Amino acid sequence: MTKYHIASLACASALAGAALATTPACATAHAQTTHEVQPGQSIQKAVDAAQPGDTILLKSGIYRENVTVSTPKLTLRGTGQGTVIQPPAKKAASMCAEQGDGICVMGAKARNVEGVTIADLTVTGFTRAGVFGMGTDGMTVNRVHAVKNGTWGIAQQQSVRGVFRENYAMDNGDAGLFLANTVTAEEGAQDTKGARVERNWLQNNRIGLTVRRLRNLTVANNDVTGNCVGMFVVGDENKPRAGALTVQGNRVTQNNKSCPKTERLPALQGSGIVLTGAEDTLVTRNQVTDHSGKSPLSGGVVLFKSFVGVTSERNRIHDNMLANNAPADLVNTDPGKGNTFSGNACRVSQPSGMC
C-alpha cells in the first residue's frame, strides 16, 4: 500500500510564518492522505488506517470483501466502472457482511457519521445492498454502478443531507435506489434536511426509486426505465406524514417489467410515478411515457390510497408531459383532499377531466 501525503494550504501557510510564532498552527493537524489499494490488498485495512479527510483510492480490478466505513469525511473512490467490489468467498465477521451489504457507511448510535463519499466504482452480487448507509450526515454517492444485488442497489436509512448523483443501478432485486426512515420500526417520516437524488440511471429493477417515510427531499433529472414501477413515494399512518418532496424533471418511461405480488404490495407492472399516503408533494415537469399494466398502481402518474388506508393530500401534479400510458396518463383513485392537477400535457385521465 502506497501513501501520498498532501499538506493542507492552511498548514503550509502556518509553516511559512513559523518564524513569527512559537508553535506552528499545523503542528498537530493531520495532513490529508491518499491510500492506494491494489487488487488483492484489503480495502478494510486501508479504511481502518485512515483518518478524517483521507481518501482510499482503489485501482482497477476485482476486490472480494465487505467494507465498513465509520470515519467521518472519508472518501472511498475507485478509478471507474472497472473497480469492482464483489462478495468474498468466506463471510467476514462484521455487521456489514452479516447483513449482506457490499459497502456500509455506519454512524454511531448517538451520532451520525459526517461527510463520507463513495464514488467511481462497481458493487455487484451482494445479497442485500451494494451500498448501504445508516446514521449518516451528508453521505455522497457518485458514479457508482450498483448491479445485480439481491435487494437494493444503493440504500440509505435514518440519515440526513444525502446526495445521490450520476449513479447507475440495474437488475437489483427490489429498488435501484432506496431511501427510507427505517424498515425495522414503525416511525413517522424523517426530515432529510434537503437530501438530493439527481441524474441517476435506474433500469430493470423491481422499482427504480423508492422514497419511504421521508420529508424534505428533491428527486430531479433522473432517467428511469425498464422497472416494474419507475418511482414510488410511500407514506403511511405514522406522523409526521411522508411528503414535502419535489419530483421534478425526470424522464420516466416504459417501466413495464412484470413483478409478482408480495406481502406488502400487489403485482406490479406499468407504473410511472406513484404516490401513496403522501402529502404536500410537487410532481412537475416530468416526462412520463409508454406505461401499460393491469396492476392497481398502473398508469403514468398515479395517486393511490396507501395499503393501510391513509389518503394522499395536498399534492400538486403540475406541468408534466404524459403520453401513451394505460390505463391512463393520470390516475387518481385516492379520495384524499386538496390534490391538484393542472397544466399537464396528456390525453387520458381517470377520472376524466384532469388533462
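The figures that follow rest on heavy atoms only: side chains count, while hydrogens, waters and symmetry mates do not. Here the structure is a predicted model, which is why all the values come from computation and not from measurement.
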Start with the C-alpha gap between L202 and L177, add the side-chain angles, then the distance that decides, and say whether side chain to side chain contact (heavy atoms under 4.5 Å, CB included) holds. CA-CA 8 Å; L202 310 174; L177 265 171; 4.0 Å; yes
Side chain to side chain, L282 and L245, heavy atoms closer than 4.5 Å: no
Charged N-O contact under 4.0 Å between K337 and E279: no
G235 and A242: which non-hydrogen atoms are nearest, and at how many Å? CA-CB, 3.7 Å
Interatomic distance, E65 atom CD to Q41 atom CD [nearest 0.5 angstrom]: 10.5 Å
Decide side chain to side chain donor-acceptor pair (under 3.5 Å) for N238 and D236; before the verdict, give the C-alpha distance in whole Å, the side-chain angles of both, and the deciding distance to 0.1 Å. CA-CA 6 Å; N238 293 285; D236 56 23; 3.0 Å; yes
S306 vs T276, test: side chain to side chain donor-acceptor pair (under 3.5 Å). Steps then yes/no. CA-CA 5 Å; S306 81; T276 70; 5.8 Å; no
Please check this pair: side chain of N315 against backbone of T340, looking for a donor-acceptor N/O pair closer than 3.5 Å. no
Would you find a donor on one side and an acceptor on the other, under 3.5 Å apart, between the side chain of D329 and the backbone of R347? yes
Quiz question: by atom type and distance under 3.5 Å, do the side chains of T122 and T124 form a donor-acceptor pair? no
From CZ (F178) to CD1 (I154), nearest 0.5 Å: 13.5 Å
Between atom CD of Q269 and atom CG of L297, what is the distance when rounded to the nearest 0.5 Å? 12.0 Å
Any donor-acceptor pair under 3.5 Å linking the side chain of N181 with the backbone of Q190? no
Quick one, V144 and F164 - any side-chain contact, counting heavy atoms below 4.5 Å? no
Measure the spacing between CE of M231 and OG of S271 and express it to the nearest 0.5 Å. 13.0 Å
Donor-acceptor contact below 3.5 Å, side chain N344 vs main chain N320: yes
Has N250 got a side-chain atom pairing as donor or acceptor with Q248's backbone, closer than 3.5 angstrom? yes
Hydrophobic clusters here meaning ILVMFWY residues chained together by side-chain heavy-atom distances under 4.5 Å, can you tell me if Y168 and L121 are in one? no
Mark yes or no for whether D280, through its side chain, and G243, through its backbone, hold a donor-acceptor pair below 3.5 Å. no
Looking at Q86, I'd like to know if its CD atom is crowded, meaning that more than 12 non-hydrogen atoms belonging to other residues, nucleotides or ligands lie closer than 6.0 Å. yes
Is it the case that the side chain of T71 and the backbone of L74 share a donor-acceptor pair, with hydrogens and angles ignored and the cut-off at 3.5 Å? no
Pair K148 + D171: basic N to acidic O under 4.0 Å: no
Cluster check V147, I85: I/L/V/M/F/W/Y, side chain < 4.5 angstrom: no
Are side-chain N/O atoms of T253 and T289 paired as donor and acceptor at under 3.5 Å? yes
Note: F126 and G100 closest approach over all heavy atoms is CB-O, 3.3 Å
Full working for side chain to side chain donor-acceptor pair (under 3.5 Å) between D54 and H35: CA-CA 8 Å; D54 285 359; H35 308 253; 3.0 Å; yes
Given 3.5 Å as the limit, does a donor-acceptor pair link the side chain of T127 with the main chain of G150, or not? no
Passes salt bridge (charged side-chain N to carboxylate O under 4.0 Å, His left out), K305 versus D334? Steps please. CA-CA 5 Å; K305 184 171 67 173; D334 193 322; over 6 Å; no
Taking D101 first and then R128, would you say they form a salt bridge - that is, a charged N and a carboxylate O separated by under 4.0 Å? yes
For the residue pair S298 and P327, establish whether any side-chain heavy-atom pair is separated by less than 4.5 Å. yes
Parallel, tilted or perpendicular: rings of F132 and W152 (30°, 60°): parallel
Is the shortest distance from a Lys or Arg side-chain nitrogen in D137 or R161 to a carboxylate oxygen in the other one below 4.0 Å? yes
Main-chain N/O of V183 paired with Q157 side-chain donor or acceptor, under 3.5 Å: yes
Rounded to the nearest 0.5 Å, what separation is found between the NE2 atom of H291 and the CG atom of N227? 8.5 Å
Does the side chain to side chain contact (heavy atoms under 4.5 Å, CB included) test come out yes or no for Q99 and C104, once each step is laid out? CA-CA 10 Å; Q99 292 175 162; C104 296; 4.2 Å; yes
Let me check something: do V113 and V160 share a hydrophobic cluster, defined by ILVMFWY side-chain heavy atoms less than 4.5 Å apart, either directly or through other members? no
From K257 atom NZ to N204 atom CG, the distance as rounded to the nearest 0.5 Å: 6.0 Å
Stepwise side chain to side chain donor-acceptor pair (under 3.5 Å) test for T311 and E313: CA-CA 6 Å; T311 59; E313 298 180 350; 3.3 Å; yes
Is there a donor-acceptor contact under 3.5 Å from the side chain of D48 to the main chain of A46? no
Under 3.5 Å, is there a donor on one side chain and an acceptor on the other for T136 and Q156? yes
Option from L217, N216, L214 for which side-chain contact (heavy atoms from CB on, under 4.5 Å) with D191 holds: N216
Working for side chain to side chain contact (heavy atoms under 4.5 Å, CB included), residues T281 and L275: CA-CA 9 Å; T281 291; L275 275 64; 3.9 Å; yes
Quick check: closest heavy atoms across T182 and Q158, and the distance to 0.1 Å? CB-NE2, 3.6 Å
Going through the distances and angles, do L330 and L322 end up as a side chain to side chain contact (heavy atoms under 4.5 Å, CB included)? CA-CA 8 Å; L330 296 174; L322 306 105; 4.0 Å; yes
Carboxylate-amine/guanidinium contact R285 D319, below 4.0 Å: no
